[in-house]
*Asks:* 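After the structure tokens below, expect a handful of questions from me.
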Amino acid sequence: MSDPLIATRGRRSMRMVWKTLRLRHVGLAFFWACSMLTFRSSILLAGPANTPGYETFVVLVSFVANMTTLFAMAAFMERNPSVIDRLPGKLFCACIIAGIVALASAGRTENEGAMIVLLAGGGALTGIGYGYYWGSWAECLGRMHPSRTSFYIPAAFLVSAALFLAISFAAELAGMPPLALMVPLPVLSLACLHRCRDEAPDGGHASATTSKRYLSALGSLVTLIVASLVLSLLFGFVWEMTVLSVGSVNEAHQIPLVADLAVAVGLIGLVLYANKRMDLALAYRVIVPIIVVLFAVMPFFWETNPVVLNVVMSASYGVFDVIIWYMVASTAYDYAVSGFVVGGIVRALSILARLVGIGIGYLLMLIPGTPSMLIVGVSTGGVYVLAMLGLFYVARKKSEGATTAGSPAKRIESAADASKPQTAPPHARPETPGLQASPAPNSPSSDQAIYDMIAEDFSLTRRESEVLPYLARGRSAKVIAEALFVSENTIRTHTRRILEKTELHSKQQIIDLIETYR
């Protein structure tokens, strides 16, 4: 236990995550609550603007602006991730405030044309601001170790749901102006965002982020992206039909937000359980199929109570939102890429699918006496597409695995080469840009430079590279799991992937490879 690497166990443990938790770490909740109040509530709209048609119009405009902002900023940041540090966060915060002021003012004008302009302008401004916030928080969380984000994101979801309900009830029951309650939220979120950016990243960054690295990161999220497209479409579809059926966005979402509170508590319990007994990412992958089944089954009960259907759908999508945040952040950390780029693309695609779902729901509600089987048909079609694409992805992964493995002769030859200390490894590149000259042999900084070089040469993810120092010391999977506060199965998976990427067969050959680099 005297090994300094083992000492990092305290830093990784959930107890330390609790102990070091600060308000800024859940600052995402303030932005999240503000966006939900704008997109999923009508408390800002009053008078003639407070109708399902205008509410849907605001959501459509906001989502289009949000999606456009994410795509545009992700394109710029792919070339230069440091752009995020030069963007004026206060300007985007001002966009949100100006947008919600415009939305609140729309219902007070008697001119219908002016009202539509205010609604369109307010929706566009809030969409732009929320796009910046969503990507910026994804960037920030992508610099934190997944053991921290796995707790911070569900905690932020819990706080955001509580804020949504508190502000909704304060506006309706206590008669407090919703605008005054909402304006501080983006300001608080921006302050927390800047504080989190000032923290040192939990892991080292790649010396150069290439398009290939981004493609690898996005490729690892293919199943999540496909699930996001289908579930977002189904959620937008049910959301629109419920709003038009009930006649109010706010009434359609008050009960679902109570369910979100319960879901958030359950997610935090899952995090505490999963970090001790299983791989959290695997647990989330089990949740996704359950949500898909709910989306396929619940439409059968549409005619009984559409609000209950929306409760299940909204709570399920809330869980999926947390999954998206976590998987994006952990992937950005693993591949040492910009969370804004990865998260922006995933989020923008899900918004696009939700817009399509809203459009389908609106068109179906135009049909008098819409039969429930139409709703079931859309949901079943979405699930079918997801299943077919899932099978295609599994088949493609198997094909790639067979190609990566290569012929036995090649793997044996590669392993033999790696075991020769006097021969420089074929992939070694001491002149790799971004790496400083190696310090004295066997010094900690020298070892870290070696691990970084191996990770770069063999395209190891950041969490795979974290295992290397322990493998170099011959540590067992149990000891490594305790040190990094993950399950033993996770460590075995990382080790297996390291062996596949380096085309080696045993831990001893990995040790030989590291010694060759030295």
Side-chain angles (χ1 to χ4, degrees), residues 27-28 31-32 34-35 61-99 121 123-144 149 186 189-190 192-199 201 203-222 224-225 228-229 232 324-325 327-355 433-434 462:
L28 163 68
F31 143 69
W32 209 341
C34 191
S35 64
V61 173
S62 296
F63 278 2
V64 170
N66 195 330
M67 177 181 64
T68 304
T69 300
L70 286 169
F71 273 136
M73 295 180 69
F76 279 107
M77 290 189 61
E78 190 272 337
R79 304 185 188 94
N80 184 10
S82 64
V83 168
I84 188 66
D85 298 322
R86 300 197 297 268
L87 290 175
K90 293 180 180 178
L91 176 61
F92 291 95
C93 181
C95 282
I96 296 176
I97 295 174
L125 288 172
T126 54
I128 292 171
Y130 292 143
Y132 165 81
Y133 271 79
W134 205 100
S136 296
W137 273 109
E139 174 77 14
C140 182
L141 294 170
R143 298 175 182 177
M144 298 181 183
T149 56
S189 182
L190 184 64
C192 293
L193 183 63
H194 285 318
R195 290 289 305 278
C196 287
R197 280 180 180 169
D198 292 338
E199 294 181 353
H205 290 278
S207 57
T209 303
T210 62
S211 297
K212 181 180 178 182
R213 188 184 293 272
Y214 278 113
L215 290 175
S216 299
L218 290 170
S220 70
L221 291 173
V222 165
L224 179 72
I225 293 173
S228 175
L229 291 174
S232 296
I324 292 176
W325 276 105
M327 296 303 291
V328 163
S330 61
T331 299
Y333 182 91
D334 283 348
Y335 288 88
V337 295
S338 168
F340 198 120
V341 175
V342 176
I345 292 174
V346 173
R347 183 68 174 182
L349 289 174
S350 70
I351 290 174
L352 178 61
R354 199 184 309 186
L355 289 173
R462 198 179 309 198

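Nothing fancy with the numbering, it's 1 onward along the sequence.
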*Asks:* Do L87 and M73 have side chains that get closer than 4.5 Å, going by heavy atoms?
*Replies:*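 Heavy-atom side-chain distance check passes, below 4.5 Å.
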*Asks:* Closest heavy-atom contact between M144 and Y333?
*Replies:* O-CD1, 3.3 Å
*Asks:* Which pair of heavy atoms, one from F340 and one from E139, lies closest together, and at what distance?
*Replies:*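 Minimum heavy-atom separation between F340 and E139: N-OE1, 3.1 Å.
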*Asks:* Which value, rounded to the nearest 0.5 Å, describes the distance between T68 atom OG1 and F63 atom CZ?
*Replies:*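 Reported value, rounded in 0.5 Å steps: 13.0 Å.
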*Asks:* Are F71 and L349 close enough that some pair of their side-chain heavy atoms sits under 4.5 Å apart?
*Replies:*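 Side chain of F71 against side chain of L349, heavy atoms only: contact under 4.5 Å found.
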*Asks:* Taking the side chain as every heavy atom from C-beta outward, state whether F31 and C192 have any atom pair closer than 4.5 Å.
*Replies:*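 Counting from C-beta outward, F31 and C192 never come under 4.5 Å.
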*Asks:* Donor-acceptor pair, S62 side chain versus G123 backbone, under 3.5 Å?
*Replies:*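 It does hold such a pair.
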*Asks:* Rounded to the nearest 0.5 Å, how far apart are CD1 of I128 and CG of L91?
*Replies:*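 Answer for the CD1-CG pair, I128 versus L91, is 9.5 Å.
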*Asks:* Heavy atoms only: give me the nearest W134-G343 pair and the separation to one decimal.
*Replies:*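 Distance-wise, the nearest heavy atoms are CZ3-O, 3.2 Å.
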*Asks:* Nearest heavy-atom pair of L125 and A98: which atoms, and what distance?
*Replies:* CD1-CB, 4.0 Å
*Asks:* Taking atom CZ of R197 as the centre, does the number of heavy atoms from other residues, nucleotides or ligands within less than 6.0 Å exceed 12?
*Replies:*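 More than 12 heavy atoms, drawn from other residues, nucleotides or ligands, come within 6.0 Å of this atom.
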*Asks:* Just to verify, what does S232 make a side-chain hydrogen bond (donor to acceptor under 3.5 Å, both in side chains) with, not counting sequence neighbours?
*Replies:* Y317
*Asks:* Residues in side-chain hydrogen bond (donor to acceptor under 3.5 Å, both in side chains) with Y133, at least two apart?
*Replies:* none
*Asks:* Give me the atom names and distance for the closest heavy-atom approach of V346 to I225.
*Replies:*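 Reported closest heavy-atom pair: CG2-CG1, 3.9 Å.
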*Asks:* State the CG-OG distance between L141 and S136, to the nearest 0.5 angstrom.
*Replies:* 11.0 Å
*Asks:* Would you call the rings of W325 and W32 parallel, tilted or perpendicular if under 30° counts as parallel and over 60° as perpendicular?
*Replies:*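 It falls in the tilted class, 30° to 60°.
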*Asks:* Quick check: closest heavy atoms across S220 and T331, and the distance to 0.1 Å?
*Replies:*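 In terms of heavy atoms, the two residues are closest at OG-CG2, 3.7 Å.
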*Asks:* Which residues pass the side-chain hydrogen bond (donor to acceptor under 3.5 Å, both in side chains) test with W137, sequence neighbours left out?
*Replies:* S189
*Asks:* Could you tell me the separation between the OG1 atom of T69 and the OH atom of Y132, rounded to the nearest 0.5 Å?
*Replies:* 12.5 Å
*Asks:* Nearest 0.5 angstrom please: L28 CG to T149 OG1, how far?
*Replies:*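 Here the interatomic distance stands at 11.5 Å.
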*Asks:* Could you tell me the separation between the CG atom of L229 and the CD1 atom of I351, rounded to the nearest 0.5 Å?
*Replies:* 12.0 Å
*Asks:* Kindly indicate whether the side chain of I345, heavy atoms from C-beta on, has any atom under 4.5 Å from the side chain of L70.
*Replies:*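 With C-beta onward as the side chain, the pair stays apart.
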